[in-house]
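Notes follow the structure.
In what follows, chains are A, B, ... by sequence order, proteins preceding strands, each numbered from 1. Only heavy atoms go into these numbers, but all of them, side chains included; no hydrogens, no water, no symmetry mates.
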Amino acid sequence: MPGVAGDVSSKGFWSRFLLPGGVWLLLLFVVPICLVLALSFGYTDDLGRAVYSFGLENYQDAFDPLYIPVLLRSIGFAVATAAFCLLLGYPIAYYIARYGGRRKHILIALLVIPFFVNYLVRTYAWVALLADEGLVNSALKDLGLTETGIQFVNTPYAVVGGLVYGYLVFMILPIYASLERMDGSLIEAGKDLFGTPSRVFMHVTLPQTKQGILAGCVLVFLPAVGDFVSAQLLGGPDTYMVGNLIQDQFFAASNWPFGSALTVVMMLFLSIWMLGYLRSAAREARDPVAAGGV
Amino acid sequence: MTGVPPTTVGSGPLGKRKAKAREDGFDRPRFLRVYSWFVYLYLFIPIAVVVIFSFNSVKSLQSFQGFSLQWYDEFLSDPTLRESLFVSLRIALITMIIATIIGTMLAIGLVRAKTRWSPAANVLMLIPLVTPEIVAGISALLIFSQLGIQLSFWTIVIAHITFSISYVTVVVRGRLASMGDEVEQAAMDLGATRLQAVRLVLVPELWPAIVAAGLLTFALSFDDFVLSFFTTGEDIQPLPVRIWSAIRFGVSPTINAIGTLMMVVSLTAVVAAVLLPRFFGRKESGIKVLTGQEE
Amino acid sequence: MTLDPRLNRRQLLRAGAGGALGLYGLGALNGCTVERPIDKPESTAAIKPEIDGDILIYNWAQYMDPDIKKRFSEKYGVEVNEVNFDNLEAMVTKLRAGGRYDIIWPTPEYAYRLNQEGLLHRFNRDSLNNAKGISSFYDKGWWDPDSELSIPYTYYTTGIAWRNDVVSGMTGSWNDLTNPDGAGKMFILDDFQEAIGEANLINGWDLNTADPNELEISKQTLLDQKEYARGISTNSTANLVNGTAVIHQAWNGDIVNVRNQVDNPEDFSYETCEEGVPVGTDLMCIPITARAPGTALKFIDWVIQPDNAAQNVMWNGYPQPVEGGKEAFASLVKDEPSIDVKLEALGDGGMEYRLDDPDDRALWNQTWTEVKAS
Amino acid sequence: MEQATVNETQPSPEGGNGEAIRLEGVTKRFGDFTAVDAIDLSIPRGEFFSLLGPSGCGKTTTLRMLAGFEVPSEGRILLEGEPVEDVPPYRRNVNMVFQSYALFGHLDVADNVAFGLKRRKVPKDEIGRRVDEALELVSLGSRAKSRPSELSGGQRQRVALARALVNRPAVLLLDEPLGALDLKLRRQMQVELKQIQREVGITFVYVTHDQEEALSMSDRIAVMSDGRIAQCGAPEEVYEHPNEEFVAGFIGISNMIEGVVEGPGSVKIGTGKRIQAPVPADCDAGDTVQLSVRPEKIAIDEEIEAGMIEMTGRVVSRIYHGVNTQITVELGQGAHLVALEQATYTASADDRWEEGMEVRVGWHPENCLVLR
């Protein structure tokens, strides 16, 4: 093929657009993550400084029976968070997509607004609301529903509640987008074929929005596993999550190599979901929301 | 949702609204509407608490004693807190500009270039979106320490940009993919060089998506805590880091004032993302761009 | 569509190839430390209190009345900027990462460590106008044998705060943390030293023991306490105010703040414990990397000026061991004397946390991590 | 291929004054796939030339090579005598009307049309004048300040046309420009396009898969199949004398009856009947051929004239089209013939034949083509 300067499809021209972003992400995202991996084999010297090395001690510690429950607990909380987000998010996404009419955009915007109040402040507001002598308990007592108040905060429920509140929007938007893309006449056709609405939902709507549900679940699950804010502010003695563990290793216990090893272990646990998501995102490359855009 | 033919609705009280489908089972507008109202309530109650108690006249989060601006006054009269607000704004602004430029270029490259490396770049671009923020924070902290770069304003900015590029790319790429490449070809056909085609046609055509992505990035960066927490250094800390330090050791209602002010800033960015495209004479709204469902 | 819709294994591998290459390069890092050594200035001469630029102070959040900074700025025409940390290790991390702060707030133990690393400026206390008001307890402390590195900012005891309208039968012992009245509404401080220290005292060990066997037993003590605990938190003020806690391991300054915020201050009590009263001090030190050490020293002098000390005590609720500060605090707690700290009565070497050996420190950290994770 | 080159030598009906485009052995491969396979083509100036074929036949790739968006893997492209394979699109004196119109949404109609002139640094007042002219030409003078999103499909199409024509290119390339329009608008635009082409006298190369469109508008048509040109010629020629089964089948409905050559002028079809047909000279006895008869050339019952080849069959279906009726007759053993019967002033086309009726069908031997 002749080398043609003017060929519009010439690779060189468009490839140049990949360069700044590619180099940036490579140097400031991939290389740093490799550093985490490298440091996870390191140790802490006498002055408390992290040193690179090739030891497996940190991994032995990370797989200590003591820490496995922390990781499992984090995954359990994250799964519960994704499930509740789905339960809360699907009907509302469905409602807006199908019955929102001209107010659709306002309804969606209203869902997104709370997301733009600082996560810390929002979580803190929950503490104020749900504390033993907080507003909710005062209201319950005034209504005579409870005498002593209900312990909401410092429980696993509060942590999951905080996570749900923090990440709900990541569930709603992809589901909404997939419902929006779905042809409404399919539901009508489904009514002819399957009859009852619940069967129509199971056989038509749900399969059609599978991609959105999957994307939403992954986008809620992944950050929830690594979260440390919710457990710190809303949790109790038995809600310590892997995010807290890692954060403590970096900023309280000053054991960076162990923190790095924990990070690597967490990422390994998550990589299955990440890979699954990347595959489906590449398949749905045309669809920005399923791929994670808010 | 198109293609749902209007059918008769049994119940009267729905009158105000044009209900469009039969009420039965899950697919029941009234049930869904009530349900939705509860979700909205759940979402807005804490926000309301923050806003209302930011005007409380006493230092309490339990009872509202009267209207007062003292917490705003306390915030504004503390020069370092005020400085933190400006730092947060500056970080968000710089992040927005640089991430939007790089992310848009990446999106264009990903859609248009067909090199051996574009699938790899495609994966690379998506990974930050599925990486827990704490991992990004730690790895940023490590690379800066390793390179001997002092943690500062700029390390926060760099960490924020790294994370924001992917958001921009995903939003812009969605718009670009739906556009097809005939528009640039038309420009070249009419005598524009490749760069002119990008500058005169492609970027203007993508502008609503670029604006939306940029403002989204602004809001995300402005509110970010985790990345800032790991990469903040000797310079004035951004507001969320100050909030974190404060929350861990007792809290004053100034936090509510700060939270309310931050919400106003973020909302301004989001509202601008929704409305700005109209000023560019487009019919599609920013929300549509953000939720990826134009045309 | 121009995008390859399929993401096959080969493409993923290719994406990972760059990372693998990078990993290979990381082999070269073996033995390197993560942080670069800090550039220390050659001169180690004592610094003098003189205005030499704007300063950046690195403090706990909401620990100093903004008005004090503001008036200093106005008086001397320099800016006083502030950043916050939420624990001391984080402060050391940032300092080691090259952070250039003009004043930091370490505990004696951290001041000792930082000085060992040569990270603190020396100065002459006599060059300060208000140093003579400093309590004698802070003359030539173990962390600062020549009184040339630090000026005390606040001091505090660690004890137990409780709601006397809910909890009865407090005995003045650390075992009160497991008072049945407080079960499920008790909090332990989220601080590895305070938590392990309290357990050590219960078991009758030395506060700072690093004997692995003793620590193992202390760990068990803490795990037993955890059964009663509602949470592990440093946010004692809020926990007590909003009723979440009825028993809280706490610093005495926090109880002052609690009593300021509630309608029923008389319901909130504080006790120090017979097994031992850990006394903490937050010092002010000037790191070697300070940009304006002269202004920093001037500002320290300003903070311990009697009127400013009094004002600051009223603001943050913690006593300051200087003239003005002590009196102000005494007036704050006059109806609950247990909150006050009698430094002189504590005698020499009182109950202070001191983990000099990094290995001991690591062992304590490890123990605490295990407590939290179990 | 041979036929195609032979056809090239024939003068264009419009009588052009020289060659606008010449393709010599142009081939385009994408990986292992050959999209365009060594085609030769010559298009005289001022001609309305159509590339016709099913999707995937290589017609759009050919057009894109003319525009400069694709580089030929082999062969030469000459534009007004100059080789242009290496010339980027923005320096070629051709313009294109895209299937999607590819209008610039951020510019109004006038700015869209002015885009090319501005790139060529045409003086401002001249731009204004030429834009007005171009918009008048497509009857959109009143919409100069509208945004493309405010226009109807047909109007957008006209803007795209004006935007290309205003540059006075040597050749205008049109890639299925009417594909997105509804039938009525499409018919109307076909007429307008043809009119505009006559008015401006620019060479049009028109890509379409719609044979009717190609027949009604073009001066000449190249029928493409699998990356090669199957036949190239005037519409009547391509329609009346398709040179292969593919062309006959693609252009219009054509009845195909398989048969075996018995000897000169005689073919035996599946029913066993021997039929008189113009067997080409290069066919030998025993060759399998297809007999092609256009439906409108078939007469039924009383319409049969002397000299026609006659057969009998049974009506199996009757589809009413209003102006005519499509009647399918089974000749036996699965051989079917489709006939189109016009409505006349005396009878509706519909009521003369019923399904199941035995009928006679016939055609003049000269209306039957023998294709290999």
Classify the ring geometry between D:His106 and D:Phe104 as parallel (under 30°), tilted (30 to 60°) or perpendicular (over 60°).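 D:His106 vs D:Phe104 ring planes: tilted.
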Side chain from CB out, backbone as N, CA, C, O: work out which of these in D:Asn167 comes under 4.5 Å of a heavy atom of chain B, or both, or neither.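 The side chain, not the backbone.
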Side chain, backbone, both or neither: which part of D:Arg91 has a heavy atom under 4.5 Å from chain B?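 Answer is neither: D:Arg91 stays 4.5 Å or more from chain B.
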side-chain contact (heavy atoms from CB on, under 4.5 Å) with B:Thr260: which residues, sequence neighbours excluded?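 Listed in chain order: B:Val50, B:Val51, B:Ser54, B:Tyr72.
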Taking only residues two or more places apart in sequence, or in another chain, which ones meet D:Arg156 in a side-chain contact (heavy atoms from CB on, under 4.5 Å)?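 Residues passing side-chain contact (heavy atoms from CB on, under 4.5 Å) with D:Arg156: D:Tyr101, D:Leu103, D:Leu151.
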Using heavy-atom distances under 4.5 Å, tell me whether B:Ala187 contacts chain D through its side chain, its backbone, both, or neither.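 For B:Ala187, backbone and side chain are both near chain D.
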Is the shortest distance from a Lys or Arg side-chain nitrogen in D:Asp175 or D:Arg64 to a carboxylate oxygen in the other one below 4.0 Å?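 Judged by the 4.0 Å cut-off on N to carboxylate O distance, D:Asp175 and D:Arg64 do not form a salt bridge.
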